[in-house]
2 protein chains.
Amino acid sequence: MTVSKTASDAVRSSRALRREPVDPAGDDSMLQLGELSGLLGYSLKRAQLKVFEDFLRCVAPLQLTPAQFSVLLLLDKNPGRNQTEIANTLGILRPNFVAMLDALESRDLCARMRSTNDRRSHILVLTDRGRAVLARAKKLVANKHEARLIEVLGPANHAALLEMLAKLAQEF
Amino acid sequence: MTVSKTASDAVRSSRALRREPVDPAGDDSMLQLGELSGLLGYSLKRAQLKVFEDFLRCVAPLQLTPAQFSVLLLLDKNPGRNQTEIANTLGILRPNFVAMLDALESRDLCARMRSTNDRRSHILVLTDRGRAVLARAKKLVANKHEARLIEVLGPANHAALLEMLAKLAQEF
DNA sequence: TAATAATCGTTATGCACCATATCAAATATC
DNA sequence: GATATTTGATATGGTGCATAACGATTATTA
C-alpha cells in the first residue's frame, strides 16, 4: 500500500465488486467444476475474497481496509509497542509496514513517538481521532459485516467456522 | 504471472514458507489479538495462506501453483472450451489469463487450437503430458495435501468447513 | 449486402501486495 | 572501545489484479 493510496481505491473499482466467476446465462452452459469444489484451498480463497469485499463495503464510510483496521485494533489493545512488534504480530514485513503507517499517520489516526528507552524504535499510539474511528469501525464491522456473516451461516456454524480457521492458521 | 515465471518461484522464497505472524519467544511477550481473533476475514486470510503454502509444498515436484492446477482440472473436465470461458469460470480476467496459458503451453501441458467455427477463439486442450501431470498432481493433492487437512480437522469438520466456505463463496 | 456493433485473444499499463537487500542511527555485546 | 545487532527506512523486484485499447473475426442491423 503506497502512501498516496487510501481505502477508497480498494472500494473504487466497480469490477472488484463483481470479481466472482461469471456464467450469468451468457456462455454456452455451466462449466463442470469437478474436483475443484472439493479443494479446500479453492473455496477458502473464494470465500476470503467475498468476505473482504463485504468488509470494504461495510466499512467504506470510514475508508479502512481490513489490514488498516487490524492495525488500529492491535494498537488499541497493545499500547507502547513499536513498529516491529505490531508488524510481526500481523505477519507484515517491516519494510511494507512503513508505508502503511505513513498512510494512517497522514490521516491522523495514529502517531509514531520516539521511545525514550530505545531511541531507535518508534512507539505507536492511537490518536484521539484514531480511537474514534476505531470505535465507529468496530460498530460497523459488528453490526453490518459480521452480522451478515452470522445471518448467512447461522450462529453455531459461524462459531465452528471461526474455530476451524483458527486451528488451520495455527497448527497447519 | 509472467511468462518467464514457473511454479518454482512460488516455492523458492524461504521467507514465503514462514510468513506467519512471529512471536517465537523473541519479543517482549505475546501481544493481545483482541477482537482480531473473532474477525472471520482475518482468520480466513491466515488460513488461506497456510493452506496455499501447504499446497505448494505438496505439489512442488510437479511445479504447479494452485491456480495452474485449477486450470488443468477445468480443462480436463470441460473439453472444447475457449480462453474466455475457462478464465471466467475461475474468476480470472482474460488479459491475465494470457500469460498463465503461455506458461502452461510453454511447458507442453496444454495447447491453444484455433476453432473452426469461430476463428477468433482458441479451443483449449490438455496435451498428453498435461493429462499425465494432472493425474500425478491429483494424487499428490489428495494423498498429501487434503489428507493432512482432514487429519488436522477431522473428516466431519473438513466436510462441514468445505460446505460453509462454498456457501460463503456463493451466497455472500 | 454494406455498415456498424460486439466478441476473442492480446498488449500495454498501473496499482496493490509481498519479499529481499541494504543503509544510517542507536543499542547491545564482547 | 571495537564489533555485532536491532530499528526504522529506502530501493528494488516479483506477482496478482484491474482497466483501456487494438486487430482480427463474427454478429447485428439498416
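Chain letters run A, B, ... following the sequence lines, proteins first and then strands; every chain starts at 1.
Put simply, B:Thr84 has a side-chain N or O that comes within less than 4.0 Å of OP1 or OP2 on C:dG9. For B:Lys45, a side-chain nitrogen or oxygen approaches OP1 or OP2 of C:dC18 to under 4.0 Å. One finds a side-chain N or O of B:Arg119 lying less than 4.0 angstrom from the OP1 or OP2 phosphate oxygen of D:dT26.
The salt bridge (Lys or Arg N to Asp or Glu O under 4.0 Å) search around B:Arg148 returns B:Asp54, not counting sequence neighbours. Here B:Gln32 pairs with nothing under the side-chain hydrogen bond (donor to acceptor under 3.5 Å, both in side chains) rule; sequence neighbours left out. Judged as a ring pair (Phe, Tyr, Trp, His ring centres under 6.0 Å), and not counting sequence neighbours, the contacts of B:Phe55 are B:Phe69, B:His145. Qualifying salt bridge (Lys or Arg N to Asp or Glu O under 4.0 Å) partners for B:Asp118, counting only residues two or more places apart in sequence or in other chains: B:Arg120.
In this structure, B:Asn96 places its CG atom 17 Å from P of D:dG14, rounding to the nearest Å. If you take CG of B:Asn82 and C1' of C:dA6, they are 15 Å apart, rounded to a whole angstrom. Look at CD on A:Gln83: it is 6 Å from C1' on D:dG8, rounded to the nearest Å. Atom CD of B:Gln48 is separated from atom C1' of D:dG16 by 12 Å (rounded to the nearest Å). D:dA18 atom P lies 12 Å from atom CG of A:Leu56, rounded to whole Å. Straight-line distance from the CD atom of B:Glu105 to the C1' atom of C:dT10: 13 Å, rounded to whole Å. Taking atom CZ on B:Arg81 and atom C1' on C:dG9, their separation rounds to 18 Å, with Å as the unit. In this structure, CG of B:Leu124 is placed 9 Å from P of C:dT10, rounded to the nearest angstrom.
Taking a 4.0 Å limit (strictly below) on heavy-atom distances, residues 111-118 of chain B reaches DNA chain D at B:Asn117, B:Asp118.
Taking Ile, Leu, Val, Met, Phe, Trp and Tyr as hydrophobic and joining them when side-chain heavy atoms fall under 4.5 Å apart, one finds B:Met113 in a cluster with B:Ile123, B:Val125.
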>> Does B:Asn88 form a side-chain hydrogen bond (donor to acceptor under 3.5 Å, both in side chains) with B:Arg94? I'd like the steps, not just the answer.
In response: CA-CA 8 Å; B:Asn88 280 347; B:Arg94 274 69 74 213; 2.7 Å; yes
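Candidate nucleotides D:dG8, D:dA18, C:dT11 were compared by shortest atom distance to the side chain of A:Ser121, and D:dG8 ranks first.
Between the side chain of A:Arg120 and the base of D:dT6 there is at least one donor-acceptor pair of N/O atoms closer than 3.5 Å.
Side chain of A:Ser43 to backbone of A:Leu40: no donor-acceptor contact under 3.5 angstrom is found.
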